[in-house]
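These notes concern the structure reproduced below.
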Amino acid sequence: LDWNRRLWSTLATDCSDPDNALSNPLRAQIISISLFVSRHSSAVMRGDEDFEPLIDINKTIMQGLAPNPEAG
């Protein structure tokens, strides 16, 4: 949980940089996900929530970043 939260925090920090080349809407979405991950991770550590949504987020992002052989 800690490393996952650190990763998303790093992504959010990078997206908050005005020199980041991503579009503003995409940067905002990544920051929003990072905020959710941070809050949800804290809830998981308190025993108030399940970690499954965090796994789902990471899987979805990885699938979206994976090369798509059908697109080539």
Original post:
Going from CG on Asp50 to NE2 on His40, what distance comes out if it is rounded to the nearest 0.5 angstrom?
Top reply: 6.5 Å

Subject >> salt bridge (Lys or Arg N to Asp or Glu O under 4.0 Å) partners of Asp2, counting only residues at least two apart >> reply: Arg6

Subject >> Point-to-point distance, once rounded to the nearest 0.5 Å, from OG of Ser42 to CG of Asp48 >> reply: 10.0 Å

Original post:
Quick one: do Ile55 and Leu1 end up in the same hydrophobic cluster if we chain Ile, Leu, Val, Met, Phe, Trp and Tyr together by side-chain heavy atoms under 4.5 Å apart?
Top reply: yes

**OP:** Following the transitive rule for hydrophobic clusters with a side-chain heavy-atom cut-off under 4.5 Å over Ile, Leu, Val, Met, Phe, Trp and Tyr, establish whether Val44 and Ile57 coincide in one cluster.
**Re:** yes

Original post:
Residues two or more places apart in sequence or in another chain: which of them pass ring-ring contact (aromatic ring centres under 6.0 Å, His included) with Phe51?
Top reply: none

**OP:** Tell me, please, which residues at least two apart from Asp19 pass salt bridge (Lys or Arg N to Asp or Glu O under 4.0 Å).
**Re:** none

Original post:
Is there side-chain contact between Ser34 and Leu11, with heavy atoms separated by less than 4.5 Å?
Top reply: no

Subject >> Cys15 to Ile30 - nearest heavy-atom pair and separation >> reply: SG-CG2, 3.6 Å

**OP:** Just jot down the side chain to side chain donor-acceptor pair (under 3.5 Å) partners of Asp56, sequence neighbours excluded, or say none.
**Re:** none

Original post:
By salt bridge (Lys or Arg N to Asp or Glu O under 4.0 Å), which residues pair with Arg39, not counting sequence neighbours?
Top reply: none

**OP:** State, with a plain yes or no, whether a side-chain heavy atom of Val37 is found less than 4.5 Å away from one of Ile33.
**Re:** yes

Subject >> Atom pair OG (Ser16) and CZ (Arg27), whose distance is rounded to the nearest 0.5 Å >> reply: 7.5 Å

Original post:
Once you round to the nearest 0.5 Å, how far does CG of Asp14 lie from OG of Ser9?
Top reply: 11.0 Å

Original post:
When hydrophobic residues are tied together by side-chain contacts of less than 4.5 Å, even through go-betweens, does Leu65 share a cluster with Leu54?
Top reply: yes

**OP:** Using side chain to side chain donor-acceptor pair (under 3.5 Å) as the criterion, list what pairs up with Asn58, not counting sequence neighbours.
**Re:** Asn4, Trp8

**OP:** Can you measure from CG (Leu7) to CD1 (Ile61) and round to the nearest 0.5 angstrom?
**Re:** 10.0 Å

